[in-house]
Protein chains: 2
Amino acid sequence: MPPRPPRRDDPVRQRSLRDHNLALVLRHVTASNRPPSRAEIAAASGLTRATVSTIVDELIAGGLVAELEPVSRSGVGRPGTGIVPAGTGPAGLGMEVNVDYLAVCAVDLTGAVRHRQVRHLDQREHSPAQTWQALAELADQAVAAVAAQRLTPAGGVIAVPGLVEGDTIRIAPNLGWQQVALPRPEDLGGLRDLPLDVANEATLAALGERHATGLRSFLYVSGEIGIGGGIVLDGELFGGSHGWAGEIGHVTIDPQGPDCHCGSRGCLEQYAGEEAIRAAAGLRAGGAVLADLVDGARQGDGPVLDALEHAGTALGVALSGAVNLLDIGTVVLGGHYAELIDWLRPAIERELARRVITARWAPAKVRASALGSDAALVGAARAVTQAILDDPARFLATRAVSAA
Amino acid sequence: MPPRPPRRDDPVRQRSLRDHNLALVLRHVTASNRPPSRAEIAAASGLTRATVSTIVDELIAGGLVAELEPVSRSGVGRPGTGIVPAGTGPAGLGMEVNVDYLAVCAVDLTGAVRHRQVRHLDQREHSPAQTWQALAELADQAVAAVAAQRLTPAGGVIAVPGLVEGDTIRIAPNLGWQQVALPRPEDLGGLRDLPLDVANEATLAALGERHATGLRSFLYVSGEIGIGGGIVLDGELFGGSHGWAGEIGHVTIDPQGPDCHCGSRGCLEQYAGEEAIRAAAGLRAGGAVLADLVDGARQGDGPVLDALEHAGTALGVALSGAVNLLDIGTVVLGGHYAELIDWLRPAIERELARRVITARWAPAKVRASALGSDAALVGAARAVTQAILDDPARFLATRAVSAA
DNA sequence: TCTTGTTTGTTCAGCCATTGAACTTATAGG
DNA sequence: CCTATAAGTTCAATGGCTGAACAAACAAGA
């Protein structure tokens, strides 16, 4: 998502120095829970107050941060003026295409969701072109709603439950899509001139969780119809060679297990996917599976509890492999799993304790998603604002050009 | 291993600018296959010739690079003087503690092995203290040998087949070690004043392979008595939260499989570890298992071929999970696997093709280790020199202090 | 009310690394 | 011997950070 991450093989000129410190200061502003003063930023970042002052000036001029009204604060000495991320300024647009709905949201630099709209639409009954059309309409409304709050959309990211490479969707099994390209800019109405990106839904959800939880490294696993995953390492999304990392749904649980639609056998999805759990629980097909499962589990329904126990065991086996491989301290369960966590957790933790070789020294934690079903949508929007926060200089430069 | 990687939350002063470009230029010198001239470095790095000149001067003064004799080169114009990594200068000491031998080697900044010595010693019959004693003697000889070649040892790293945390070895099953600390500096003779580190053997082997092969991202798997692994992402070793990443030997192949000594069931080691392959092949215990397997396979011995086919299948299942999770393009087989690759590869590639969901668009490559059984030893030594190459400024600073 | 002490934020000279252009050095080719 | 070309060096200019001095804003005590 970030247009071009700073490479360590780049030469460093004076300007890059400023660029780095611009990002450093901005990060302090967005990261601290209390609006910091220039002096506090200086103390925390290691820069001098003089440098911080000029940098803050530049950020204010660019509309990325703002000064707070001088509120009286405790303590002796001249009170500092708090610096906050700009509430009016750039906004990130997140869009989600899922099996039976479309969604759009907008976040500002503080991470607050300033607009959110969901529209039910079954993609399986429509062509990709129709989906893009409907999404463009939603996006138009979002752009308008956001403008009314004095925010300027700075870009958009679309979350898709499938494999994405560059600007094309290789395959999205549950949508029935193959080789679908991003819509052309001229078909996008209000998004026309904005940078637009597509990415995998679970990957973006992981990004959303990263901000919502503050965790530096974790494995995100989302269970819905399919099982998706995302890996965050040291605060950064890990994409792998092609951006396809995190595909835990097709990790093998039992080499001789049931056939999977992916062509393999014994994939995790065959044990812990929605359909597998439903069938094992003896529930009817086509209903509101998640609600039925939660109800059944709450009422102590035997087959349902057994089904969840089995799913948890399979999840635990897959996660153990991942933890052994990545030595990662936390697993975040999202999607339906977030609501089923109470019944999944015992089996998952049992398997982790048995199968992770370092479990006795550093047991991995299992927790539920903080954003729930909005994770991918919010994560997509955050991807846009995050790119600005990571490299404010680039944003300021483009802003200066468009102003001229 | 690198003392402290540059953090993105550090403030940047002018000096860091120089530090960065120092490393950038040095990297160009070590990376290019032909000794580059100052002008070529400037063109390749994006810096100006003026800057490169002053930086090269600084590196020459610090003894990290040297000018080549002005050889006549083709083409019109003033010929450039080639810059090469200093052949005399800092050296890295690699040490390896394995089940039945100790080894030491030294590499210079070019990566060339300048000294290498192996001594047979069965650690299972000796205490850790005795091992350290014997290793210190070997290291002493290495320091002397290296000094005779006008090299100055800059640090040492010990490779151990076990789980390392900080300066202690948590557990090394095949050595029979638990909670063993690094030897005290005063017990180390010629190593007394050098920075010393321990790390996992497979992790260091991965590092060695990274330099020997030039691959940017790969998964290294080494099969000997145990199975170890290391992950290299974008040129950097990935350690995970505690440095324990890469433990692929205890990934579950079959949740109901045979008991493993680690307390779990169905671990990869139970299918593709030396002992498992030997038993499946019907070979006698205690012999030269690897040699027997290679002989048997060459002669078309049925049980041996079957055993390798089964091991390859299990490896393929485990690697498929890893590739699905990490989206990594290359798998490097080391240790015994390197010599057995011809018989393992078909099964591994078959499973990867079946089980990796992105295999049809980007099939993962399987290749043999370039360093063979020396990978861990050389990798350990390289870890030292790599730290210098990654941050020459730090090295120059300590050098300046000790000179004063 | 006035003074003192404390902390914030700004100003400015000094410093440091990079740049770009001019200049010197070294070679090939006519 | 002269010209063209490329490598390497020198040097004034530039941009960004630092440190110290200073102005501004406040609390506490006399």
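Not measured: the values here are computed from a predicted model. First the proteins, then the strands, lettered A, B, ... as listed; each starts at 1.
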Reading nucleotides 6-15 of chain D from the 5' end, what letters show protein touch, with B for base, S for backbone sugar-phosphate only, - for no heavy atom under 4.0 Å? BBBBB---BB
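The ring pair (Phe, Tyr, Trp, His ring centres under 6.0 Å) test applied to A/H242 returns A/W244, not counting sequence neighbours. Remark: A/S32 pairs with A/P36 by the side chain to side chain contact (heavy atoms under 4.5 Å, CB included) rule, at least two apart or across chains. In this structure, B/R150 has no side-chain hydrogen bond (donor to acceptor under 3.5 Å, both in side chains) partners at least two apart in sequence or on a different chain. With sequence neighbours excluded, no residue satisfies side-chain hydrogen bond (donor to acceptor under 3.5 Å, both in side chains) with A/H115. Residues that satisfy the side chain to side chain contact (heavy atoms under 4.5 Å, CB included) test with A/D167, not counting sequence neighbours, are A/L182, A/D197.
Note: CG (B/L22) to P (C/dC16) measures 16 Å, nearest angstrom. For the pair B/L47 CG and C/dG20 C1', the interatomic distance rounds to 14 Å; values are reported in whole Å. Per the geometry, CG belonging to A/N21 stands 12 Å off C1' belonging to D/dT18, to the nearest Å. What separates CD of A/E58 from C1' of D/dC17 is a distance of 14 Å, to the nearest Å. Atom CZ of B/R18 is separated from atom P of C/dC16 by 11 Å (rounded to the nearest Å).
Here A/T48 reaches the OP1 or OP2 of D/dT18: one of its side-chain N or O atoms lies under 4.0 Å away. Side-chain N/O atoms of B/T51 include none lying less than 4.0 angstrom from OP1 or OP2 on C/dA17.
Applying side chain to side chain contact (heavy atoms under 4.5 Å, CB included) to A/R27 and the options A/V25, A/L24, A/V29 leaves one that passes, A/L24.
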